[in-house]
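Position 1 is the first residue of the sequence; numbering continues from there.
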Amino acid sequence: REYALAEEVLALCGRLPLTVTIAGSMVQQNGSEITPELTQVMAEAHGAMLRVQGSKPLEGVEVEMTLEDRVISSSLQALRRRSMHSAVELFKQLAVFPEDAAVPMCVFEALVPVLCPEELTAAQANVALRRWLTTLLRYHLLQGSVQAEGGGVFMHDIVRSHAIMLHSEEELRGLQVAATQALLAARPAEGFPEPEHAVPGSLGDYVARYLHWHMRGSLAAGEEPWDDWVAHDDLSVQQATAFAVGASALRAMAEAWAQQKQHARAARLMWNASALVTRGHISLAESQDLVFSAVEQLQKAQQDDGQRAAASGGLHEEFEMAVLRRAFISDMGSERHTQAMAYMHEKQRAAAAVGAAAFSSRTDEILLNAVRGMGAMGMYGGERSVWPNPSWEHLEEAVAIWHVNSALAHEAAQLATNEMEQFLGQLISVQDYSLFPFAISCDRRQIENVGGEATIVHLINTYDYHVHGAFLKSIGFGADLFVGGAITLPLALQYGSLAALDTWCAKVHGVLEMLKLPITRQYAAQWFECFGFIYWAIPCLLLCGRRHVAHNLIVAAGLGWHDDENFALFLTQLYKQCPSSSEVYPAEPMRIVARLIAALAAPEGFLDTATVSSWMPPPTALVEIDRCWCFHASLGVSSAAHLAARLFLRLGRHADAVETARLALLQGTKKRVVAVECHRILAQAAAEQSRVEDIEEALRHAKDEARRSQLPLMELLVAHDLNDYYAVRSTASWRGAAESLSEVCGRMGRSMGDFVSIWQNEAR
């Protein structure tokens, strides 16, 4: 008889895997027995046409149900018979969630006001939710787990469709409205992060990925997004708003408001739409157009203070500056960028005059100074970017500006009202000191004034990608300055803090692994970070004997010497961000220098020497690259010529190495580090042919340039070269070199043992 009952159940299930699984859970909950009563419950739900239960708007309407719907309905009926009405009601409410979304318990806890009766306390509601969810899991109406490590619960798409069928459109919209409000009300103190910075399985992760679904379901066709969504503080919520409505719809709404002279509202909508670039829904060029359109609307809104106050909810000035900060890194050097920066200067002066917030006032002044500083260095094109410019006078002008910025950032950090502001202030203070002055020489007193080594090490130890990275990307600069890597220069070259340098490398490698850039190729969102660590940090790592680490970072970014497609995409994003870059940083020199860096970083066995030799330009062409590459005189510690000379040595092409280094020195380099390296290369090449006089002359010049650089690590490298040279030749000179080594180590507060890794890795 039981066999016959089982055949009846299978027939009712249509022998489909999903329905058999659900029916099996009903059998299990029935004491693992198939009884006539159980088959009766299933048969009651069977029929070609069934009346939908529990949906007042649909009463009296016959709805055709699939076989799967009939089995699901049978399972719900079984729950009702067991007086598990709350679990059935929760099942209906789960129609609010998007398809294939694993919902962790922290999200259910945030949605207690939507999913649980009001009379329950928070603690009671959380316990009840787990119990009801567990019941639905036992009946296979849900999949997944309520355990923290389980990843959350989700519905099979057929089961979800059944839950949706139990509601009218109006009911579903009301449910989505309630869910959206509850999620926004659960905002943590630090705000909601963007998707790439959210901790997997957290409330922030769910909101970043799925809030747009709830927002979209909350809106009727053609309805505008709610004001509190549009004006929300968190970029992830602004992105969700734009994703829910769509860029084209937002743009049309903004234009309509602009025609009605509601410029502040129009600016908000344009700003929201511009955020879709981070999700790849619009191009960088489209995003920049929207940002500058928002600036234009804000300028028009300035003439109507009443409108501004009404539209801003008291936060209009903060919103204005957020838009202008994003404009700062958009279309740099263009006419509209210049106009936006002029407006920003006007706003910054007005804010300072009325005693605006000290921290934001300082950071806005820093941005405006940065525009001046980059212009002084010729980074926006024009006469100053053409050889032999920038002149020494231009560079001194720029250095003075960067030092002012460093001091302003240090003041901002002291005036910060929270840990995030303090982190940003400290980071900018050492970054703006590191970006440019290190290219020529370094006065240790300058960086000591902004905290020195202790501040840099603190920043490295404190940095958390999910926390600080999210903050740095969201505040309007749009870039994670930590990953950019400028702070590695003083850390290594001034202080010799190699342990902290290794910590920075490990953290940045972790970030790149999470971003998966070789696969996603989202260089539009990471152009500054890639630009920074390729051209600033990696050459520094090579000086410190971190070839293998440098190689791993380059590979994790998808920008190896053979990754031409990715590099072309990266350059495209750079040129879109800063059109004048194509003049200041021509594509071919950029590519050649990046290839040289990547080839130098490649471990033994990874480098195809024949291929590398085939694309390496001759010495005269390499020196010419430095002439047309703005970085020949500014930013970082490398040049095409000295990198190529170093690579020629590695390839065994000593004559080319010598010619390239000599041409670079004859041409004149404004970078002391480059001069030191060229002389060291000449000494190493001379050593291969045992030309004693040439070796000693090159090392003497290297020692002089290292002293002028005021960078102890460069002095240490030269002192070590001298030590190795004289160890087998002259006892007196060897002792002098050994004493120099000890003296330089002492100046950095370190011992020779702290630098063993440099010599070991150089020898490989």
For the student: nearest non-hydrogen atoms of A254 and M270, plus distance
CB-CG, 3.6 Å
So, for F359 and L415, which heavy atoms are closest and what is the spacing to 0.1 Å?
CB-O, 4.4 Å
Evaluate H214 against Q176 for side-chain hydrogen bond (donor to acceptor under 3.5 Å, both in side chains), listing each step before the verdict.
CA-CA 5 Å; H214 300 289; Q176 295 290 12; 2.8 Å; yes
Flag, side chain of N369 to backbone of I401, donor-acceptor distance under 3.5 Å:
no
Between Q431 and I487, is there a donor-acceptor pair closer than 3.5 Å when you use the side chain of the first and the backbone of the second?
no
Applying ring-ring contact (aromatic ring centres under 6.0 Å, His included) between F482 and each of F471, Y465, Y463, F528, report the one that passes.
Y463
Establish, from distance only, whether the side-chain atoms of H468 and E419 form a donor-acceptor pair under 3.5 Å.
yes
Does some side-chain heavy atom of P225 sit less than 4.5 Å from a side-chain heavy atom of L269?
yes
Going by the angle between their ring planes, with limits at 30° and 60°, are F570 and Y523 parallel, tilted or perpendicular?
perpendicular
With a cut-off of 6.0 Å (strictly less than), are more than 12 heavy atoms of other residues, nucleotides or ligands near CD of E565?
no
Can a salt bridge be assigned to the pair K473 and E529 using a cut-off of 4.0 Å between side-chain N and carboxylate O?
yes
Just say parallel, tilted or perpendicular for the rings of F319 and W271, cut-offs at 30° and 60°.
perpendicular
For I366 versus N405, what's the shortest heavy-atom pair and its separation?
O-ND2, 3.0 Å
Listed once per pair and sorted, the side chain to side chain donor-acceptor pair (under 3.5 Å) pairs that draw on residues 251-260, sequence neighbours left out:
E224-W257
Any idea how H337 and F328 line up, ring-wise: parallel (<30°), tilted (30 to 60°), or perpendicular (>60°)?
tilted
Below 30° counts as parallel, above 60° as perpendicular, anything between as tilted: where do the rings of W226 and W229 land?
parallel
